[in-house]
Structures are given as structure tokens and as C-alpha cells.
Amino acid sequence: MLIILSIGIVVAILAPFLVGSLRYSKNEIINFNLNPGIVLSLIPVGMFIFFFSQIPLISSGTIPFESYPWIESLSINLSFRLDGIGLLFSLMITGIGAGIVLYAGNYLNTHEDLGKFYCYLFLFMTAMIGVSVSDNFFAFFLFWELTSISSYLLIGFNHKEDKSRYSALQALLVTGGGGLALFAGFLLLYTTTGISSFSELSIYNGTLSNAVELSAMILFIIGISTKSAQMPFHFWLPAAMAAPTPVSAYLHSATMVKAGVFLAARLNPYFASVEYWSETLMIIGGTTMLIAALMGVTQTDLKRLLAYSTLSVLGMLITLIGMNSYESLTAFGIVVAAHTLYKATLFLVAGSVDHSVHTRDVTQLGALSRIMPFTTTAGALAALSMLGVIPFAGFLAKEFVYESATQFGYNTVLLVFLFFVTNSLLGAIALRTGIGVFWGKKNNISTEHAHESHWQIVVPPLVFGFLGIVLGIFTSGTTAFFNSVSNSLSRSTLLRELHLWHGFTLILLLSIITIVASYFIYTTISKKGTTPLELKFRLLPTALFGSFIEILFKVAGAVTKFFQNGKLRWYISITFLFAIILIGSSLPFSTNALTFTFPIHVTIYEWMLTAAIIVALVIVIQSNSRLTAIAAMGIVGYAIALFFVLYSAPDLALTQFTIETLTVVLFMFAIYKLPKNVTVPDRNTKLRDASIALSIGSIVTLSILFATGSPSVSELEVFYNTRSLVEAYGRNVVNVIIVDFRALDTLGEIIVLAVAALGIVALLQFSKGEQK
Amino acid sequence: MNSLILKTTVRFINKLLLLFSVFLLLRGHNEPGGGFVGGLVASTVFILYTLSEGYKEALAYLKVSPFSLIIVGLTTAILSALPSLFLGDAFMKAIWLETRIPIIGKFGTPFVFDLGVYFLVLGITLSIVLSLRKDSE
Amino acid sequence: MISILAILAGLITATAVYLLLRKSLVRVIIGIVLLGHAANLFLFVISGLVKANPPLINAGNDTVTGVSADPVPQALILTAIVIGFGVQAFAIVLFKKAHEKLNTDSMDSLTATDSSRG
Amino acid sequence: MNNVLTIAPLLLPMLSGVLLLSIKQNIKLSTAVYLVSSILQFIVSSILLFTISESKFFVMHIGGWEAPFGITIAIDIAGSIMLVAGSFVSLAVALFAVNTVEPRRLQFGFYGLTQFLILGVNGAFITGDIFNLFVWFEVMLISSFVLLSLGAGKEQLEGTIKYVLLNLVSSAFFLMGVGILYSATGSLNFAKIASVAILNPDNSLLTLSTAFFIFSFGMKAAIFPVFFWLPSSYHTPPIVVTALFSGLLTKVGVFSLIRLFTYVLPTQQQEFSFLLKVLAGFTMVIGVLGAIAQNDVRRLLSFHIISQIGYMIMGIAIGTAASFAATIFYIVHNMLAKTNLFFAAGIQNQILGTYNLKKSGGLYKTAPYLSLLFIISAFALAGFPPLSGFPAKLTLISSGFSAGEYLISGVAIMVSFFTLFSMVKIWNEAYWKELIPERSAGSNTNKMMYLPVILMALAIIGTGVFFQPIYHLLMMAAHQLSTPELYINAVLGEV
């Protein structure tokens, strides 16, 4: 399977070049019109054939497994497992993919970004296959995220339109956010159990703490709901219809949105036994399928109608997993297959119509069957399947759905009713999209330029439409396969024969009533656009999302403005406040004694120096004249130098004297030309600043007093004092430390000086030179 | 500052100061002093000259640019640290001559290092002061 | 005496902090210089004080005799003073240049780099 | 040989720095020297990394004075990983710089300054002495001051003032911390201090000095609430300087914190774990909110640096071997992704003439390769697999989960959502949006500008895809970090 995935990636990378060169050759060298869609569709066809050939193997219960090391130490491997549901999805992805690639080759023939389109499409296809066959959590996550990214790029394909960009952003944020939840969920399972793959999880017998189990479940359900657009995250899907139609057909109905459902199915073997899992899925799925169908049926835009019906079916699939009965899991596989076929067809048909008539409004469309016979045929086939007419796959799917509902232990009536309403509404949508457009009365559109579409656009939906019948008729032949699908959804293995015809049963009656109801609804709803229901359930979350973004910007702006307000004095205040809290709270009041001694043996010189410093400090603060302040600053420096003299540090004193002088000179050079600008701060500012200043000052004083408690001769001191002359030939220990024992410090120090000098020269001369 | 007295004084005192700075450098290993303070004192020679004659004259008096003094100082300091590395020893390990040299006493790489510091300090002080002087003119 | 010097170090720090919070560029830069002094004094005082016995080896001896001042903090402070000088010199010239270019002496008017008008 | 290898991270930038300064007027020659030296440094640090994984520590006692008496250079695996990543970033920066920096800046020693900056950074990565660390910090700082102000534009000067003032405060506190530590332990050598600290874990002076260091290093790392200097200044110099800073400077602060809690005062990690977690959370959130609020790419990315620092602080706060390993890789990942995003912003500015997103657009069409390179870095930052950000987030957050730190890990996950949002904001505005009138990419970009960006993108992909050997290395590094005895023995000799 790695080979298939690699091929996909390589093709994705090469696609833009291929498209470029085909376009080039068409014009210049050979006069042979080879559409890139035809060439590229061979790839998914080949993949499809491969997967198709695996059916007997998988049906017999074998599960091929490959694993390639990635980050072995973290149990992250590229391990792939092709079980029933994986194969079903792979078949869908490559099969529908082949049609889409072919279709897009004509549909977007003249688009400048066709190359990029194929790149993203193949990336997506690969990612989707990866999702279907990955066994390792993190490999799965890799491909899952890749579907989000490629979907983002495809939704925003018409990137110049604000709406496209916004829809793409919406989809990315919702699915990306869900991806993060999924990531957290995987990590949670991994760090608590060491499990890193679905196959291990499905046979895991250990116990997880309730908290872990519950949080993992919530995280996964967020991942599932966002990806598969379940309530309340459903709103991004209708908006994603901003993408070109082939994209909508592929990603947003047939494949990607089913990734969430797929995840639910993958997790079901373990989580089915976890409390609330099934119930939650049923509630979410049930709500979504009903409300989406109600919202969808009144739509007038073809793509919207289909988008909502997709939502509804996704809800149904989630419900089926949640029911977790043998019937419902069997129904799951069949509904997936049937839905993929008819929904992809209907989307492609919608695209064909749009391409030809330039509108997707069902209230305007009608009577196209003469003009577009092939498109009409495809549309009708799909609509009949969706409606659930025998012998289409859709009929079979509906039978199983009803069967699982009637067989379900409790709330049977409610379930049957729910499915009945949903199915009827979906049937009505089928009639609106697949029948009404072609046979309804001719509405006020000009069909002068309408024409049947190019074969590349017509053939894929026709094939898919026919496959809907094939799947229905050859039901019994698929028994083993669908059993392998349902077996991969649960821990138990049961086999069950599939038949198209069950005889005259209650369920058949239900199916028939459904069709009747659908027709009734279809005729009742003639034209309607947005309904209050839709307002509440689509526009509200969309608006909420919008205001989330808006609030995010506002909060971000406000917070940033608060902290980073540009005022240096505020920065310094906060910085010192942080120091006060951090360091102040670390002062060892409780453990260490303050070594405060009353100054008894203090000479008069020391008192004078102390007084000089204090007076100088007061002058620095009080003086209005800069020169005085600078001079006072100098006095502080000199006084410190004198302290160095008193306390046995002649080298320090010497250096301090010269440096202080130099600093004052520099000040004079640099500052004395500056104009006088005396601003007297108000009392409150003074008080606030003074309290910050005094707090820092006390921290410094206290730190010294705490730290000097235990004076001891350090071994460094002893070493330097004894070795200085003997080994380093110097009597001045401080100097020997500087040029020998710790010469590296001095090397760094002179580099600092050199760079500082360089910087000063640059500051003074850089702009001068420019003017010359 | 075209005071004649200043000029004369500076000329007289300069030689003395320069000598003093070398003295400080040489005795640094045994008494307070060293390359850093020595370099600073040496730079006052040229700062005084700048004050009395102007920065262009001071530059001429210096003969080399302050910047090249910085480079010389840095290079000297770094080079003094390398020989030990070639001998397979640690970086900056001191290497001493066996014989004592008059005035300096023991001569070794730490002294060379200090010499580097001396030149560098001279160079940076002058380049800062002279460029400030130039800027304000 | 340690206590007095500790308080002095605290007072110098407090003054430095207070100056750093002022509007005038000149005062801020004086604050920076004083903060450097405070840090050096801190380092000096915290490792203990010894009077009149610098870490010098007298002629005739091989080691420092008597209870002498610890040479380690002295060497560190020496390095710190010089580094501090380099950095402060740069800062002084930076302020001078900034004053010339921005034509202001007030810290409060330095808000251009944080306004989100960009 | 090992001797030379150990000192090479200091010696090479030092020598090339001096050389470059002395030949700064000859632009062609100095450009050649600069490039050769950058390549050499990368090669040497890679050799260092390859050889160190066998012999565990490279220790050199400078001047031949045994520890703890002289200054010790001690390179561990984590340090050499940082050296390799750092030299790779500076190599990319060099390639970008030779194509973008104007001659006038070069005449004032631009190349040499970058070398001294790298010298300071390398010194901080490998020194084993607390005061020596201070010196390297200052070397790094003064070089960054000068690089930041070089050109003396109005905004630059203003940004530099803020940067200088706040960093000088941090330096003063660092010095005080050193004083307390020396007074409490009588040593400056990491290993010696650690051995003393392990013997007296209850010494409250150690806690006090740690607080000083957290303040000082935290400021250098730009954590909440002392990050102000970063967004005020990072966007003012030429983009190549910003790229260099974003790759190296704050990371040195973070790495020093790691050092502090592993080799210097390992006993203090517990003490400050909670505080660090709180700070990490705020740093992430405030940083990313700041990023969202910006409309200038450089500002946006600058705030992002802060947000990402929060993740690294989180790793330090968790304090397990796994979290240290994760943090080391997170730093590496961030160096790559962040620097590259700044490069992309630089090219964007070359094409469009603005960093302002509101005035940008059209790059998706006019500069498709730039789009690809941008999106690789942006998605790497958001943590998409298989890019470098994925293993970085994976290891970090799983180390959080494993340690039971669910709250802060949850915050980290939430913040990645906003990270994604802010990256997409750039993409939507500068790349997808249509620009009228359209500008073509060829107008004023040099093809060679793409070279470092491609290199970095390859590194981003490479470190993500081939993470297994890296992880192996990280675990060895983390083993060293979480077993200070190994370090103590290596430096002080078996006691």
C-alpha cells in the first residue's frame, strides 16, 4: 500500500508539470489534443483495479498488513491494514477519483490553475487512501491532516473571491480544530495505554480510568463531528460548495466528509463498550440527519440541495454506527456504497447542467432531457437510487436501514419514524435534483446555448449511475465483501446473506410508503429558498463562527494593546513588578537569618562616603539641571571607587575611577547640547514609581543581607592566592585572574568593547555618509 | 580651545602620560594596573591632544587609525591564546619563557594578551571620543 | 559595614529604578549607569568585606598572607565594569542619536514601533 | 583533535569576526570569507555532533586550569544539537544576507557583527561557568544592539532604545544572581555548583538566585510578562537581521533556562515548576493573540516567537527527561520554521514593496514557489505532519500527558489552533488575495534569495520525516540533562 501512496504523492508533484507540458505540446509541437484529465485518470483507474483485485482476498477474511518504521521509539509507524471497510473506502476513493479526474480535465480545461488543481486533487486522493488503510494512529493523523490541507486549498481554488477564501478558512479552522482534538485523543490513549494503532485498540482488554476514557471519547467525537460536519459543526460544509463542482462531488460528498464517519467506524470496536459512546453518536447523528434533510429540501440551488442531503446521510451513518447492532453495521457499509455512487453522480450532473445552462437554480431549470440526454440518464439513475427504487443499491440501503431500526431493542418507533421522515425528505431532494431539472416544465431560462456536455463530463456520472444498479442487482455476490466490512466495525463476527428481494414484508411496505411520501413532499414544495429553519441552523452557527472570528480579533487587539502599548515606562514598570513578585517571593524570610549588624566599627571616612552617595542620589533625583545630575552621578561612581580603595580592591578602584571619568566625559560630549525639557511628574506617578523603586531596592538590600550570612573562604580564593605567583608568575592575584585564570572572560569583554566602539562609530557616521 | 598654555602643557605632559601608561601595563601582573588601565591612560594622551589641537591633528599625531588599533588589539589577544592549542593543550593555556626579561620579569602569553587589551582599549576609547568629536563639529 | 553598604546598594538600585521610570532620556540613561553601579556594589558586598589587605602577594612570599579580600568577585566586577562601560557608552550615543533624529527627549513619545498602524 | 573541536565553536566565529572586520571595506573578499566561514562552522559543528554521541561530553578547561578553578567549556549532546541548528540557521542567514544587505551596511562591519553575535550565542550554548555565561550574553547583546541599530533609521533607533534598556536591566539582575550564587556555593562552575546544590537541596539562597536567573533568562527568552522588548524592536531592522535574531537570540534564553535547571541547579526545578507552567501558558496565549492582532507580517511573526517560547517554557516546567528532549527539538524546529518565515516575509517585501498584509496580495499566482515554501514553514509551525512541527508538538505534548500535566498541555493544543489561524491569515492576505495592480515576481528578486529558503524548507521536512535518528539523539541528550551526575563527573572528574 505504501507503493500506491507513493505513486499518489509523486503524481501530485508531477501533475502541474504534466499539465503544463500537455498544454504546451498542444500548441507547439504535435497537433494532438491530449487532455491531461485522460492521462491522469489512468492512475486512479490502475489503483482501483488493484483494490478491486483485493476483494476476494479481503472477503475471505484475510487482512493484508504492512508496516514501515517512522519514529519507532514512539511507536509511530507507517502501518497499513486493508480490512473490509478500508477496502470499501479505497475502492470509492479511487473509483470516484478516476471519474473526477477525467471530468475535471474538461470541466476546468481552460482554467489557469489546472495544474495546481490536479496536484491538490491527487494529494487529497492519496491522503484519503492513507486514512482508509492506516492502522497506526499517527499515520492516520498524518493523512487526516493532509485531507484538511488539500481540501482547504481546493475550497479556496477560486482564491480571488473573498467568499472562497472565507469558506476555505472556515473549513480549515473547523476541521483543523477537530484535527487537534483528534491528535489530543490519540495522544491520550497512547500515553495512558501505550496503544498506538486501531488494531491494537480494537482488541484492547485493559481498563482505562473513567476520566481518560471520557475525555478521549469527547475528543474523538469532536474530531468526528467536525470532519463529517455533524451538528453543531455542520455549517462549513454548505459553505464549502464555493469549490468547483468536481471538488464538491469528490471531497464534500463522496469521500472526505466520510472520513469522520470512517473514524467513528474505526473506533467503534473498542468504544462501543464505552459508556455514552453509542448514545452520543445516535443523538448527534439523528439530529443532524433530520435537521439537515429538513433544511435541504427547501433549497433551490442544486449544489446546496445536494450538500444538505449529504449532511443528512452523514448523520444517518453516524446514527447507524451508534446503534451498533449487527443490522445497523451491515446497513452502514451498504449506505456508504450506495450514497457515494448516487451522490457523486448527482453532483457531476449538477456540474454538467451548470456548465451548459449556467445556472444551478432548480426553480429556473427544467425540461433539459431533450438537450442533454446523457446527463439526464445519469441524473435519473442516481435519483432513482437515492429515492430507493428497486433494484437500485439505494433500495437495498433503505431496506437495511429500516430493518436495523425495526430490529433495534428500544425506541423502535421513534427510530423508524426518524428514518422514515429523513428518507422521505431525501427522496424529495432526489426528485428535485435528478428528475425535476430534466422533466419538469420548461422554466424561464434560455436554453438556446444549452448543449450536451463533453464526453469527459458525461461518462463518469453515467458509469456511476449504472454501477448503482449493478450493485443492487448483484447483491448476493457482494455478501462476503459487505460482511467483511461490517466485521471490521465490531468485535463480533457474524455472517449474513444479502438479498435484494426479501419478499413482501413490513419493511418493503415502509420503503414504498417512503417513495410515495417523497413524491408528495416534492410536489408540495415548489419553490422555496431559505427557510426560518435554515436560518436557525445554518446561518446561526455561521454567524456564530463569524462573530467568534470577530471577537477573537477584538480580544487579540485589546490584549495586545493593553500589554504592548508602546509606552516604554509601562514596560519597565511591568518588568520591575515581575521582578518584585518573582524575586520578592523567593526571599528566604523563613529559613535564613538577616545578618544585620549595627554599624559600630565604622570610620568617619566611611560615614562621609555614605553620606556623599546619599546626597548625590538625592541630587540626581531632585535636580532640574542635567549637568548637576550627571555630576552627581559621577560622585556616586567616585564614592564607590573610594569604597573599593577602603576595602582592599585597588584594581577595582583604579578602573572605576578611569571608567567613571570617561563616562562623565562621554555624557558631556553626547548630552550637553540637548535642550532642557523639564517635566515634573504628578504626585501619583511619583508615588507609584517610588514604591516600585523602593521595593526593588529593598529586594537588593535584603538579598545581600541574607546571602552574607555565612562568610566562608571559597576554595577558588585559596587556589588563586596560592597558585598566582607559583604557577602564573604574578603577584597581583586579581590581574592574574583576569589575564590567565579566567582569561576567557576578558577575551569576551574586549570583544564587547570592540563591538560597542564599532556600533558607536556606525551610529554616528552611518547616516552622514549617506547624505554625501 | 586655542589656548597656548594648554597646547604647551599638553605637549609636555603627553610624553609623560604615555610613559606612565606603559608603566601601568608592565607592572599590571604584580601591582594594580594592567592593560586596561594602561590603555585608558594612553588614550587620555590623544584625548588631550584632541582638546588642544582638534581631532584631525590628533588623528595625525596617532599616525594609525583607531580602528586598526582595535583590530591589532583583538588579533594580538586572540593570537596569544592559540599557541597552546597547537601544542595540544587547552585554549589560552599560558606559555612562559624560561628566562626573565628586565622590567617585565617573566614573559609569557598572558603578557601578550594584556598587550592586546592595551591596544584595544586605546583603540576603542579613541574611536569613540574622536567620532563623537567629529560628529559634534 | 556590610549592612550600610547593603542599604547603599539598595538605595542606588532604587534611585536607578526610579530614574528608569522617568520621562527624560537623560535621566533614564543615568538610571542605567546607576543600575550598573548597584550591581557591581552588590557583587562586591555580598562576598564579604576585608579592610586593607588586597589580594596581592608581597615580595618574599609565595602566597597572599593573612585574611585578604577575595580576589574572585574583584575580578568579576572588573570584567563587569568594563563590559558595562562598553554597553553604556553605546547606549549614551544611541540616546544622543535618537534625540537628534526623533527630536524628542521624552520616553513617552517613543511609541512608533508599537503602534499597530502598520 | 578533540581539543580543537571543542573550542572551534568559539574560535571560528571569533577569528572570522576579526578577519571580516579588518577586511570590511573589500566587499567581494569579505563576502567570500563570510560564506566560507559560515559553511565551515556548520561542518565543524556537525562533526562535533557526530563525534560527541560516542564520547558523551567534550570538556575543555580553558587556560589549562582544572575545574572548578578555571573556566570550563563543556559540550553535551544538547549543546551540540544547538550548535548544529544554530550554525545551520546562520549559514542560511549568510546566504540570504549576501543577496540582500546593501554595501553601506557591509562597510560598517555587518558580516563581522553577525560573527560576534554567533560567538556569543555559541559561548552561551557551551560554557560551563555562570559568569562566563554572563560574558557571552553580553557579547551577544552588544552585537545585537549594533546590528539592530545599524543604519540608524528612526524606527530602528526607537526599537533599539527599548531593546537596550530592558536588556540592560536583565543583565544587572543576572550579575546579582551570580553574586548570590557565588556567596552561597563559593563557585562559579556549573558542575561544582550542582554538586553543592545536590548536597544541600534546601539551601534557600539557591532558590533566591534561581529567581534572579529566571527573571534575567526569562527576559532574554521573552516570556510573559517581560517580552515587551521583542515586538518593539524586531520588526525595525532589515529582515535578515530579524531572521537571525528570531533564530538565535530568544533560544539562548530558553537554553540557558534548561542549563540552569539541569546542570547548575537541578534541585530548583521542582521549586519553580508551577510558576513556570503559569508563565508558559500566558506566554503562549498572549503571544498568539498578539500575532492575530497584527497586520504587519514582521510584527505578526515577532509575536509568534513569543507564543512559541511558551511551548519551550512548558517543556522546562514539566521537567522530565522526555520533556527536556522535546524542548530541545522544539527549539530546533522553531529556529528553522521561524527563520524561514522571516525569509519568506523578506522576499514578499522584495516583490510587493510592503510588509503590510492589507496592501499585499497575489503572491500565489506571481510567486508560486514562494507560496510553496511559505506554506511548508507555516504548516510546520502549526504542527502538521510530517513537517518538523509535528514531532516537536507530539513529543512535547505527550511528555505533558505522560507527566499528568493535562491543563497546560491542553492550552498548548488550543494555542496551536490559533497559530494555524494566524498563519492562514498571512496566506489569505498576501498569497491568495488578488492584488491590483498585479506585480510580477521577477521584478526585483534575486533567484539566489530562494536558496536559503529552500535549504530551510528541506530541513523542516527532513527533520520531520527522519525523526527517528533525531529522537534517538534527543533521548541521549535528555538522559544527560536529567542526570546531572554525568555532567558533574565529566567536568570535575570522578569524585
Side-chain angles (χ1 to χ4, degrees), chain A residues 69 71-73 141-142 145 149 156 159-160 165 169 172-173 176-177 180 184 187-188 191 552-553 555-557 559-560 563-564 568 571 574-575 578-579 582-583 586-588 591-592 703 707-708 712 714-716 719 740-745 748-749 751-752 755-756 758-759 762-763 766-767, chain D residues 62-63 65 69-71 108-109 116 131-132 135-136 138-139 142-143 145-146 149-152 162 166 169 180 183-184 186-187 204-205 207-208 211-212 214-215 225-226 228 231 286 289-290 292-293 364 384-386 391 397-398 401-402 413 416-417 420-421 424 428 432 434 467-468 471-472:
Chain A
I71 312 173
E72 284 164 279
S73 312
F141 179 70
L142 162 78
E145 293 292 79
I149 296 175
H159 56 88
K160 288 174 185 167
R165 287 202 303 276
L169 176 73
L172 181 69
L173 288 185
L180 286 171
L187 270 184
L188 196 57
T191 51
L552 182 61
F553 274 122
V555 170
V559 168
T560 311
F563 282 108
Q564 198 76 24
L568 184 51
Y571 300 164
I574 296 286
T575 303
F578 179 57
L582 175 68
I583 301 171
S586 305
L587 283 170
T591 54
N592 285 38
S703 299
T708 47
S712 59
S714 79
E715 60 176 327
L716 289 188
F719 182 90
D740 199 344
F741 292 123
R742 295 184 63 90
L744 191 61
D745 284 344
E749 167 200 314
I751 289 173
V752 170
V755 174
L758 202 70
L763 270 179
F766 196 96
S767 40
Chain D
I62 300 293
W65 302 105
F69 305 110
I71 292 171
F108 278 95
F116 288 127
F131 188 77
N132 195 237
V135 173
W136 294 129
E138 296 299 304
V139 170
I142 189 77
S143 314
F145 290 170
V146 179
S149 66
L150 194 62
K162 292 176 181 170
L166 291 166
V169 170
I180 299 171
S183 158
S187 187
S204 50
L205 285 181
T207 312
L208 181 62
F212 274 91
I214 291 180
F215 175 75
V226 282
F228 305 109
I286 303 288
L289 286 179
I292 288 173
Y364 185 64
F384 280 98
I397 291 170
S398 72
F401 278 0
S402 300
I413 293 176
S416 355
F417 175 76
L420 176 66
F421 178 72
V424 173
N428 266 351
W432 263 359
E434 196 173 16
F467 188 67
Q468 171 62 30
Y471 185 76
H472 187 65

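Throughout, protein chains are lettered first and strands after them, A, B, ... in sequence-line order, and every chain is numbered starting at 1.
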With a 4.5 Å cut-off on side-chain heavy atoms, are [Y] and [X] touching?
| X | Y | result |
| --- | --- | --- |
| D:Phe417 | D:Ile413 | no |
| D:Trp65 | A:Asp740 | yes |
| A:Leu568 | D:Phe228 | no |
| D:Ile214 | A:Ile583 | no |
| D:Trp136 | A:Leu744 | yes |

Please rank [options] by heavy-atom pairs under 4.5 Å with chain D and give me the top one.
| options | value |
| --- | --- |
| A:Gly557, A:Gly759, A:Ser703 | A:Ser703 |
| A:Thr575, A:Val555, A:Val559, A:Leu587 | A:Thr575 |
| A:Phe553, A:Phe563, A:Phe719 | A:Phe719 |
| A:Leu169, A:Leu173, A:Leu172 | A:Leu173 |

Given heavy-atom pairs under 4.5 angstrom as the criterion, report whether the side chain, backbone, both or neither of [X] touches chain D.
| X | result |
| --- | --- |
| A:Val752 | both |
| A:Glu749 | backbone |
| A:Ser586 | both |

Taking D:Gln468 for its side chain and A:Ser73 for its backbone only, find out whether a donor-acceptor pair lies under 3.5 Å.
yes
Could you tell me whether a side-chain N or O of D:Ser183 sits under 3.5 Å from a main-chain N or O of A:Ala707, the two making a donor and an acceptor?
yes
Sort [X] into side chain, backbone, both or neither according to what part of it lies under 4.5 angstrom from a heavy atom of chain A.
| X | answer |
| --- | --- |
| D:Phe145 | neither |
| D:Phe69 | both |
| D:Phe212 | both |
| D:Val169 | side chain |
| D:Phe215 | both |
| D:Leu208 | both |

Start with the C-alpha distance between A:Val755 and D:Val139, add both sets of side-chain angles, then the distance that settles side-chain contact (heavy atoms from CB on, under 4.5 Å), and finish with yes or no.
CA-CA 8 Å; A:Val755 174; D:Val139 170; over 6 Å; no
Residue among D:Ile62, D:Thr207, D:Leu166 with most heavy-atom pairs under 4.5 Å to chain A
D:Leu166
Under 4.5 Å, counting heavy-atom pairs only, tell me which of D:Pro225, D:Ser143, D:Ala184, D:Gly70 racks up the most with chain A.
D:Pro225
Closest non-hydrogen atom pair between A:Thr560 and D:Ala293, with its separation:
OG1-CB, 3.7 Å
Does the pair D:Val146 and D:Phe116 meet the rule for a side-chain contact (heavy atoms from CB on, under 4.5 Å), with working shown?
CA-CA 11 Å; D:Val146 179; D:Phe116 288 127; over 6 Å; no
